[in-house]
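Below is one structure; the comments refer to it alone.
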2 protein chains.
Amino acid sequence: MDVPSQILSSATRLFARRGYDGTSLSAIAESVGIRKASLLYHFPSKEDLRRAVLDQLIQHWNEVLPRLLGAVTSGRGRFEALTRELVAFFQADSDRARLLVRELMDRPEEMRARLAQGVRPWVDLLSDYVRRGQEGGEILPDVDAEAYVVHVITLTVCGIAALPVVTALMPEGTSRTSIEARHVDELLRIAAASLFSTADTVEAR
Amino acid sequence: MDVPSQILSSATRLFARRGYDGTSLSAIAESVGIRKASLLYHFPSKEDLRRAVLDQLIQHWNEVLPRLLGAVTSGRGRFEALTRELVAFFQADSDRARLLVRELMDRPEEMRARLAQGVRPWVDLLSDYVRRGQEGGEILPDVDAEAYVVHVITLTVCGIAALPVVTALMPEGTSRTSIEARHVDELLRIAAASLFSTADTVEAR
DNA sequence: CCTACCGATCGGTAGG
DNA sequence: CCTACCGATCGGTAGG
């Protein structure tokens, strides 16, 4: 892997775990194995590096999401598959979820603009599917389409970012399934049970 | 209001909005109208101030929560009232939600210990109500009690902390109800619809 | 990609 | 509760 990519990777991990203000350029440089001044050759300022990290995350998202959404054109169980993929995307690298949450808190206005531009179209698309499902009767009539989609995304991102902490609120797993798996399963169940009009969502588990 | 309380209040607001690392002691002192050295007379270190801020938030929580839980002894609509109160608690001062989210990200191990000690008992209590409701049949049999309760808390805290940002994902309100109110209503609907076995939760809206 | 260095700001202390 | 001051560290630059 070339140096700029190594820098981006280290910066993502450190920004996610210690925050932007809590991460010094020296710390990032050290984890790459170069000097701070060398890092500043590749990224002219800390602010530039932050933007590059966020750009890369959103770009990754925009490459993966269309593929997932292709599967949702037909209704029903596809919706649950989509939610499961969304969860899997953030679970595969939970630093993504943590970084997103931090940016939400640190720079709300910038994130508003980024979401309105990059995520809003996907929310609108999914909301339309929801409304079509409401006309067909498979989806509960009192679902607020946009608000529902936004809540599922919020719960996924925050649920995974907070997972290492909230497991302290749950009892030790007596069964074979881990506490993390139970948590994710219940997230999927909540998303499905509050969307579909009939309760036969059990088939998908 | 005496000086220490003013310091706590300013620190809460600034820690919530700019983060711990992003807030200098001078900035807190300035917003109170004193010098940094004077602030350090009341709180011997920045770390002491941080702990005091968090203690105060948790203490406030522990004073308000028992009163809310008193109302939940009998089942059903009370559960929805409790969720509504939980949302109202954080909505009344969204800095509380933001501070909590930040601490979750910044100091996961400390928060694990704090939650296990201070919040876990409430989660257990509510989980027992859920299980009793499952035996009675009013609550869906496939609800994972602890995971459900944790998700509702997560969604409430994160949903409110992120509210100013995620409204960018929703269309302008054409109806009389504001976009924020729609968002909160849908949160309550999701919590109810994924808990109760019959769909007559509409009465509560 | 490095060494050497800059001014600014940080949390914290001395002493009153 | 203040003025004055401390060493450490920050992001960033010069110059090679």
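All values reported here derive from a predicted model rather than from experimental measurement. Hydrogens, waters and symmetry mates play no part in the numbers below; they use all other heavy atoms, side chains included. Just so it is clear: chains get the letters A, B, ... in the order the sequence lines come, proteins before strands, and each one is counted from 1.
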B/Glu30 CD to D/dC1 P, in whole Å, measures 16 Å
Could you tell me how far apart A/Ile28 (CD1) and D/dG11 (C1') are, to the nearest whole angstrom?
11 Å
So does B/Ala162 get a backbone contact from the side chain of B/Arg98, meaning a donor-acceptor N/O pair under 3.5 Å?
no
Looking only at non-hydrogen atoms, find the nearest pair between B/Ser9 and B/Met1 and report the distance.
CB-CE, 4.4 Å
For B/Ile34, which contact category applies under a 4.0 Å heavy-atom criterion: base, sugar-phosphate, or nothing?
sugar-phosphate
Side chain of B/Leu25 only, heavy atoms from C-beta on: which candidate in D/dC1, D/dG12, C/dG11 is closest?
C/dG11
What nucleotide, of D/dA4, C/dC1, C/dG12, holds the atom closest to the side chain of B/Lys46?
C/dG12
In terms of side-chain heavy atoms of B/Leu40, which of C/dC2, C/dT13, D/dT3 is nearest?
C/dT13
Expressed as a whole number of angstroms, how long is the span from A/Arg18:CZ to D/dC10:P?
11 Å
Distance criterion of 3.5 Å, no angle test: do you see the side chain of B/Lys36 paired donor-to-acceptor with the base of C/dG12?
yes
Candidate nucleotides D/dC10, D/dT3, D/dC1, ranked by approach to the side chain of B/Ser38 - the nearest:
D/dC1
Rounded distance (Å) that lies between atom C1' of C/dT3 and atom CG of A/Leu39
16 Å
Checking base pairs now: Watson-Crick or wobble, both atom distances under 3.5 Å. What partners D/dA4?
C/dT13
Taking CD from B/Glu47 and P from C/dC10, how many angstroms apart are they, rounded to a whole number?
18 Å
Rounded distance (Å) that lies between atom C1' of D/dC1 and atom CD1 of B/Ile7
10 Å
Which of the following nucleotides, D/dC2, C/dT3, C/dC10, is nearest to the side chain of A/Arg35?
C/dT3
Do the rings of B/Phe79 and B/Phe196 sit parallel, tilted or perpendicular, given the 30° and 60° boundaries?
perpendicular
Considering just the side-chain nitrogens and oxygens of A/Ser24, establish if one lies under 4.0 Å of OP1 or OP2 belonging to D/dC10.
yes
Among C/dC1, C/dC10, D/dA14, find the nucleotide with the atom closest to the side chain of A/His42.
C/dC1
Modelled atom types, side-chain donor and acceptor of B/Ser45 and B/Arg50, under 3.5 Å
no
What is the distance, to the nearest angstrom, from the OH atom on A/Tyr41 to the P atom on C/dC2?
12 Å
B/Tyr20 six-ring centre to B/Arg107 NZ/CZ under 6.0 Å and within 45° of normal
yes
